[in-house]
There are 2 protein chains.
Amino acid sequence: MWGASVSNRQLLILEAAARLIARRGVRGLRVEELAAEAGVSVGLVYYHFGDRAGLMQQTWEFINERAERYTTSERDPLDDPRGYLEEMLLFELQDDPEVMENSTAWGEFRATAVFTPDLGRQLREATAQWVDDAAYLILAAQKTGDAGREVDALGAAERLTTLIEGLSERWLSGSVSLARARDLLRGAIVRELGPLPVSAAQKID
Amino acid sequence: MWGASVSNRQLLILEAAARLIARRGVRGLRVEELAAEAGVSVGLVYYHFGDRAGLMQQTWEFINERAERYTTSERDPLDDPRGYLEEMLLFELQDDPEVMENSTAWGEFRATAVFTPDLGRQLREATAQWVDDAAYLILAAQKTGDAGREVDALGAAERLTTLIEGLSERWLSGSVSLARARDLLRGAIVRELGPLPVSAAQKID
DNA sequence: AAAAACAAACTGAAGTTTCAGTCACGTTAG
DNA sequence: CTAACGTGACTGAAACTTCAGTTTGTTTTT
């Protein structure tokens, strides 16, 4: 897709950065360590990314693009919006290296954004997008009858996505097990959208 | 209580540390800046706390103890457990310097704990305590009829406290307004515990 | 009660480490 | 040839830590 603008070597560095951020955090990432992890020289990192800030910026974009790519299920959202939503949300809580890498990086960026307004803007946009996607799915679920009509779609979307951020951080810091986090999220979905009707496509009237 | 083990000057330093962590983050805290903020010499910080890690450790304890002190309302929890719970939870989302300082510091420590197992243990304990307190209040609310009998107290407590952590971070990073965050939390409480009966003390039967 | 001895608290400049960023110089592809 | 790619030793500033010495307060001695 953007294969033209990012060379092999750059990709190598970005992947290493994502890996290292998951291991040491945004603030714990050392350029020299990154170079070693990627198997390139320190100079090359600066050659391609200018400075540390540029590297972080690109890494952030890289992580988001990668997440978008693998989050997107091949199923049609409008076919089973509630199922799609559940899948989308539960996706963030998985014992998969790439997902954990992403979650950790997101958590780091969120924590960092509290002190650096620049990052804040990007974070707000990405978050708003995520909330909107969820709200859209909830509205769709209401139309198919898989969510109660009285449900406040935007509020539910905000609460559920926020909850995931909290669960993700608790999980990654060892405060809850993965299984428990997933259970809690499923419980929250039921409480927000109401129980799933026995016949999925049945209309509530 | 531990007035004997912490001197005036140490307290001064810890207070300054809490203030600075809220302003610059755990990783952004500079020992020299801390000394200036506290109005003491750099050497004294090391004299009392050994090294940077020791300082962080003690600061974390200090913040927890202070939070516990001011979170405790003078009202009797068993008189109106649901009201007490709401107050306790909403307390974390307030436009008050000391609360913001604490929330920011908590967020920082949570984010840091993902990469430093030492802090992780303490964080787990503090979190577990908080969840337990909330669960206890929910159980009490069920007895007074202010929460549905079918409510899963522990699950609700875990979800609500986790949600607050998420809301707090979104608020502090500017992703949601304070008013919206409070609304979302109130909404979550209703969805978890059910609507508050018109007559508060009335038993559901 | 004054002086001396001692201990704890405290200072700030000097020493050490860490780390982002640079630079002079090789290598490869078109 | 040349322009892009790539290297790794080096630099300087910022930050952590140490330490020799000062101040302050308490206890013991005469």
Side-chain angles (χ1 to χ4, degrees), chain A residues 2-62 105 108-109 111-113 115-116 118-119, chain B residues 2-60 62 105 108-109 111-112 115-116 118-119:
Chain A
W2 31 249
S5 67
V6 176
S7 70
N8 290 354
R9 233 46 195 280
Q10 286 184 53
L11 209 59
L12 216 62
I13 295 172
L14 290 173
E15 279 165 357
R19 222 153 46 227
L20 222 47
I21 285 173
R23 214 153 61 223
R24 302 240 185 282
V26 168
R27 292 162 286 190
L29 182 141
R30 301 285 104 95
V31 178
E32 201 178 329
E33 198 181 1
L34 167 62
E37 173 83 18
V40 302
S41 68
V42 174
L44 192 63
V45 175
Y46 285 93
Y47 175 75
H48 281 305
F49 302 100
D51 58 7
R52 197 180 187 282
L55 170 69
M56 289 308 185
Q57 163 76 28
Q58 297 242 38
T59 303
W60 173 240
E61 281 168 20
F62 167 74
E108 271 291 288
F109 278 115
T112 309
F115 306 104
T116 56
D118 300 358
L119 275 180
Chain B
W2 33 249
S5 67
V6 176
S7 70
N8 291 355
R9 229 58 188 288
Q10 284 185 54
L11 211 59
L12 216 64
I13 295 172
L14 290 174
E15 279 164 357
R19 225 154 40 231
L20 272 180
I21 285 173
R23 215 152 62 223
R24 305 236 185 282
V26 168
R27 266 188 142 111
L29 181 141
R30 306 287 155 231
V31 178
E32 202 179 331
E33 197 180 3
L34 167 62
E37 174 84 17
V40 301
S41 69
V42 174
L44 191 63
V45 176
Y46 285 90
Y47 176 75
H48 281 306
F49 302 101
D51 58 8
R52 201 177 185 286
L55 171 69
M56 290 308 184
Q57 163 77 27
Q58 296 241 37
T59 303
W60 170 240
F62 168 74
E108 271 291 288
F109 278 114
T112 310
F115 308 104
T116 56
D118 298 0
L119 274 179

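Protein chains get the first letters and strands the later ones, always in sequence-line order, with residue 1 at the start of each.
For the segment residues 16-24 of chain B, the set of residues with a heavy atom within less than 4.0 Å of an atom of DNA chain D is empty. Looking at residues 44-57 of chain A, you'll see A/Tyr46, A/Asp51, A/Arg52 sit with a heavy atom under 4.0 Å from some atom of DNA chain C. In the region residues 29-38 of chain A, proximity to DNA chain C at under 4.0 angstrom, judged on heavy atoms, holds for A/Leu29, A/Arg30, A/Val31.
Residues satisfying the side chain to side chain donor-acceptor pair (under 3.5 Å) test with A/Arg30, not counting sequence neighbours, are none. For A/Arg24, the side chain to side chain donor-acceptor pair (under 3.5 Å) criterion is met by A/Glu33, not counting sequence neighbours. In this structure A/Arg52 satisfies the side chain to side chain contact (heavy atoms under 4.5 Å, CB included) test together with A/Leu29, A/Val31, A/Met56, sequence neighbours excluded. With sequence neighbours excluded, the residues forming a side chain to side chain contact (heavy atoms under 4.5 Å, CB included) with A/Ala22 are A/Glu101, A/Thr104, listed by chain and number. Checked against side chain to side chain contact (heavy atoms under 4.5 Å, CB included), B/Thr112 has the following partners two or more places apart in sequence or in another chain: B/Val26, B/Thr116, B/Leu119. Under the side chain to side chain contact (heavy atoms under 4.5 Å, CB included) criterion, A/Glu32 pairs with A/Val42, sequence neighbours left out.
Each end of the helix from C/dA1-D/dT30 to C/dG30-D/dC1 gets its own axis, taken as the rotation carrying the C1' atoms of four end pairs onto the next four within a five-pair window, and the two axes meet at 10° to the nearest 10 degrees.
Every pair passing side-chain hydrogen bond (donor to acceptor under 3.5 Å, both in side chains) that includes a residue from residues 36-48 of chain A is listed here, sequence neighbours excluded: A/Gln10-A/His48, A/Arg19-A/Glu37, A/Arg23-A/Glu37.
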(request) Would you please test A/Thr59 and A/Leu55 for side chain to side chain contact (heavy atoms under 4.5 Å, CB included) and show each step? (result) CA-CA 6 Å; A/Thr59 303; A/Leu55 170 69; 3.9 Å; yes
(request) Show your working on side chain to side chain contact (heavy atoms under 4.5 Å, CB included) between A/Leu14 and A/Phe49 and close with a plain yes or no. (result) CA-CA 10 Å; A/Leu14 290 173; A/Phe49 302 100; 3.9 Å; yes
(message) Let's go through B/Arg27 and A/Phe115 carefully: what are the C-alpha distance in whole Å and the side-chain angles of both, what is the deciding distance for side chain to side chain contact (heavy atoms under 4.5 Å, CB included) to 0.1 Å, and is it a yes or a no?
(response) CA-CA 11 Å; B/Arg27 266 188 142 111; A/Phe115 306 104; over 6 Å; no
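Rounded to the nearest 0.5 angstrom, A/Ile13 CD1 and A/Leu44 CG are separated by 4.5 Å. B/Ile21 contributes atom CD1, which lies 10.0 Å from atom CH2 of B/Trp60 (distance to the nearest 0.5 angstrom).
Taking atom CG on A/Asn8 and atom P on C/dA29, their separation rounds to 12 Å, with Å as the unit. Following rounding to the nearest Å, B/Leu12 (CG) and C/dA9 (C1') show an atom-to-atom distance of 14 Å.
The two residues A/Arg9 and A/Gly39 come nearest to each other via the heavy atoms NH2-O, 4.3 Å.
A close approach under 4.0 Å does occur between a side-chain nitrogen or oxygen of B/Arg9 and OP1 or OP2 of C/dT11.
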(message) Treating primed atoms plus P, OP1 and OP2 as sugar-phosphate and everything else as base, which nucleotides of nucleotides 23-28 of chain C get B, S or - for protein heavy atoms under 4.0 Å?
(response) ------
